Chemist: 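What follows is a structure written as structure tokens; I'll ask about it next.
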Amino acid sequence: MTQKEIKEKIRNAVTEKFACEAEDATIRQIYESVISMVVQELSKRSSSASKEIAHQECKKVYYMSMEFLIGRSLKNNLYNLGIEEKVRAVLQDLNVDLEQLYEMEPDAGLGNGGLGRLAACYLDSLTACNYPATGFSIRYEFGIFRQVIIDGWQMEFPDNWLEMGGGWLIPRPDEAQEIHFDGQVEELWSSEGLKTIHKNYYKVLAVPYDLMISGYDSKIVNKLRLWGAKSLENFDMSLFSRGEYLKSCEGDAKAEAISRVLYPADDHEEGKVLRLRQQYFFVSASLQNILQDHLKKYGTLDNLAEKVVVHINDTHPALCVPELMRLLMDDHGYSWDAAWKITCATLAYTNHTVMSEALEKWSIDLFSRHLPRIYTIVQEINRRFCENVYNNHPEKRGAIDKMAVIGEGMVRMANLCVACCFSVNGVSALHSEILKEDLFRDYHDIFPGKLTNVTNGIVHRRWLCESNPLLSDLITELIGDGFVTNGAELEKLLKFKNDASVLNRLAEIKHENKLRLSRYIEHSCGIKVNPRSIFDVQAKRLHEYKRQLLCALHIYDLYRRIKNEGLRIHPHTFIFGAKASAGYVMAKEIIRFICALGDMINNDPAVSDQLKIVFLADYKVSLAEILMPAAEVSEQISLAGKEASGTGNMKFMINGALTVGTLDGANVEIHEQVGGENMFLFGLTTPEVNRWKADGYHPDQLYRNDPHLRDLLDSILKNGIGGKNFESIVRYLIGPDPYMVLADFNAYKNAHTKINDVYGDPLKWNEMSLVNIAKAGIFASDRAVREYAENIWHLSTVQ
Ligand code: 26V
């Protein structure tokens, strides 16, 4: 598109939508018109891409995920289409600043954390690499809550993103699907055999809304299809006639509640009917849609697995297994065996956690009540699976109870996936080993080759090129722009490792980005930070296992050593960003602890030139885009064996931050890339953690035998923090703490001493930073989706 064409299109959009001239339009009208211009352009490309994909009979992947943490789209789409500067110029003529439009856009926060952001990165990369893909999820009216901190307490407020973000969605009511819940099943024998009938069900309509995914300089445009729930039985006339007005609309509310809000927890099973309904709703709608499209094109479902792969992102869409069976058998007349063969060959699954509380299970009672037909299918899958293990793997007879899909009164979604899917993968080398050796060990023995690894990745165009243009421009100047489409080319930077002028420019860019973040911090929380201080960031969901508490305890220790022992350190600013799920009491207490620590330290003139703490409220994708480029230290300090991969670690790394981290998740691979001399590794390893756990972890002994640690904890018990009581936290640390904060405390402290020392040698620091950037290419999601496409999905690119 030329600048002239863009101008025309924006002008037309303004007149069509608002019946006025662009010169007279409000900024909001311009904002909506620019979005509409981009959507139109992408839709045009999408429909010609669809035709080409159909013509080439390409195999397609459907990526099923309850979460897609998209963030903002305007800048990303303009960048990907290569028209950002042209649009900026057109808007300038209208006296509108493009940056101002960017700031008007809300984040599409349709996810909780890493899992959802990964799905968004993958759709972006799949498109950029020309793989035919569609994402399926839910059109939540409200995304992840907006976090406000009041006196240290997290408060949650609704996130009405559609008001200003809905312009990206194209409704497709003609492709709506009907979903059936509740009721009873009846089995009927006839001359044609056994027929199962689902009766007295409750119907909900699933209406698709498409969000275009632009890729980068791509031949194709893919889409993310989000299902919105609409009532089909929205009005009960008989109730209305009897004067029960409110009740008469209940059908409406119950159906439409399904897509009202994202579940804001990524840690524990809530066991709520609504979540099960959400899962079945989007799984059933998507699979019906997939089968209809396939039938339209090929006239048969016999070859489904040759042309379609459905990817299950964590266990949340695991109902794909019984739902695909149901559709094949009940709607399309396949026998059990034929349906099972197709189902197993079509479905692949990624596991994203080994934490038992996050592995989904549903009580039989709830499951069978709301999904009666699906339950009968799961029962039969379980019966056949157990029988198969019993007959064909006698050595595993003792493990059947553990491996079964139904056990202890629950339907176990992870087991369902592993029993059926043709591929199961973990998300980092370490995590995938733990799956093979531990969580899914018995399955690994009977299905050799099924379990594999694909280390996570990030779309480096968003996380480096778009969010850190200064760095991206410097890199382009040094090694050309090949790295934009081939992350591995970043390695060419290594030849500047000892080039002082390059290292100094790197430092200047970091400083600019720190200034930008400092302005944001002052504006958002009124704290003035020293831009020459070390910017040390821990930004991620708040979880005990991620150990924000380890960092906080260390800060308190620093504070006391500065005050009581006259310790001098390079000025250090610790920045936190983290949402806690609403019902997670300990996580909220940790936020309160960090905030209290901040209030005390930031207001103590005895330390305030050396130490600052900032808790940034409402951490989200658009905030991460400001944080990552400004960070110098990246905190990745989970207890070894608990963080499946982490992806924040990769975003910090590619922006030149140095990792202080344990050998957990993808940190292991970061370490492999940069070596121990370019990061600050500390703490127990996974085998050490396991050994320590087996022998019994007794933090009370650490407390008793380490006078310094005892003093530190006693002082919290005695004085609280800034007058606030945190006894519960100390009791937790010396009592049950399953994440062994005290065991790693001294090692962590030593790692920080080293950070402080190395920072005193700027050339050394910047050299380490450059090595990190140069070695981050392997964490590009282009690499990750290629591995999925080649090794798991067997997809080819569109030619
Ligand atoms: C689990 C549950 C349990 C029921 C309540 C709602 C809910 C929502 C989400 C989850 C998933 C937790 C798993 C997860 O988020 N894993 C993260 O996945 C990232 C991408 O692979 C990875 O980088 C992180 O290490 C991993 O914690």
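Values below: all heavy atoms of this structure, side chains included; hydrogens, waters and symmetry mates excluded. Just so we're clear, the structure is a prediction, and the values are computed from it rather than from any experiment. Each ligand, and each atom within it, is numbered from 1 in the order the structure gives.
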Chemist: The test is salt bridge (Lys or Arg N to Asp or Glu O under 4.0 Å); show your working for Arg369 and Asp365 and say whether it passes.
Modeler: CA-CA 6 Å; Arg369 190 148 23 99; Asp365 175 54; 2.9 Å; yes
Chemist: Verify ring-ring contact (aromatic ring centres under 6.0 Å, His included) between Tyr131 and Tyr788, making sure each step is shown before the conclusion.
Modeler: CA-CA 11 Å; Tyr131 288 111; Tyr788 277 102; over 10 Å; no
Chemist: Does Glu357 have a non-hydrogen atom less than 4.0 Å from ligand 1?
Modeler: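 The answer is no: ligand 1 sits nowhere under 4.0 Å from a heavy atom of Glu357.
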Chemist: Measure from NZ or CZ of Arg139 to the centre of the six-membered ring of Tyr209 and say whether it is under 6.0 Å with the direction within 45° of the ring axis.
Modeler: yes
Chemist: Could you tell me if Lys579 sits above the aromatic ring of Phe145, with its cationic atom closer than 6.0 Å to the ring centre and no more than 45 degrees from the axis?
Modeler: yes
Chemist: What I want to know is whether Glu643 and ligand 1 share at least one N or O pair that is separated by under 3.5 angstrom.
Modeler: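 Min N/O separation from ligand 1 is below 3.5 Å for Glu643.
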Chemist: Heavy-atom distances under 4.0 Å are what count here, so tell me which part of Asn456 touches ligand 1: side chain, backbone, both or neither.
Modeler: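 The answer is the side chain.
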Chemist: Within a distance under 4.0 Å of any heavy atom of Ala644, pick out the atoms of ligand 1 and give their elements.
Modeler: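 Listed by number with element, the hits are 25 (O).
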Chemist: Holding to side-chain hydrogen bond (donor to acceptor under 3.5 Å, both in side chains), I want the full list of residues that pass it with Asn678, two or more places apart in sequence or in another chain.
Modeler: none
Chemist: Tell me every residue that passes side-chain hydrogen bond (donor to acceptor under 3.5 Å, both in side chains) with Gln147, counting only those two or more places apart in sequence or in another chain.
Modeler: Gln154
Chemist: With a 4.0 Å cut-off on heavy atoms, is Gly113 in contact with ligand 1?
Modeler: no
Chemist: Looking only at non-hydrogen atoms, which of Ala265, Ser645, Gly114, Gly426 approaches atom 7 (C) of ligand 1 most closely?
Modeler: Ala265
Chemist: Do the rings of Phe181 and Tyr280 sit parallel, tilted or perpendicular, given the 30° and 60° boundaries?
Modeler: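 Correct class here is perpendicular.
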Chemist: Would you kindly say whether Trp227 and Ser286 are connected by a side-chain donor-acceptor distance under 3.5 Å?
Modeler: yes
Chemist: Is it true that His316 lies under 4.0 Å from ligand 1, counting heavy atoms only?
Modeler: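 Yes; His316 lies near enough to ligand 1 that a heavy-atom distance drops under 4.0 Å.
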Chemist: Between Leu115, Asn112, Leu262, which one has a non-hydrogen atom sitting closest to atom 19 (C) of ligand 1?
Modeler: Leu115
Chemist: Gly665: heavy atom below 4.0 Å from ligand 1, yes or no?
Modeler: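 Outside the 4.0 Å threshold, so no.
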Chemist: Which of the numbered atoms in ligand 1 are under 4.0 angstrom from any heavy atom belonging to Tyr545?
Modeler: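 Per the distance check, 27 (O).
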Chemist: For Gly646, counting its heavy atoms only, list the atoms of ligand 1 lying under 4.0 Å from any of them.
Modeler: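 Within the 4.0 Å cut-off of Gly646, ligand 1 contributes 22 (C), 23 (O), 24 (C), 25 (O).
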Chemist: Would you mind running through ligand 1 and noting each atom that sits below 4.0 Å from a heavy atom of Arg275?
Modeler: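 In order of numbering, the contacting atoms are 6 (C), 7 (C), 8 (C).
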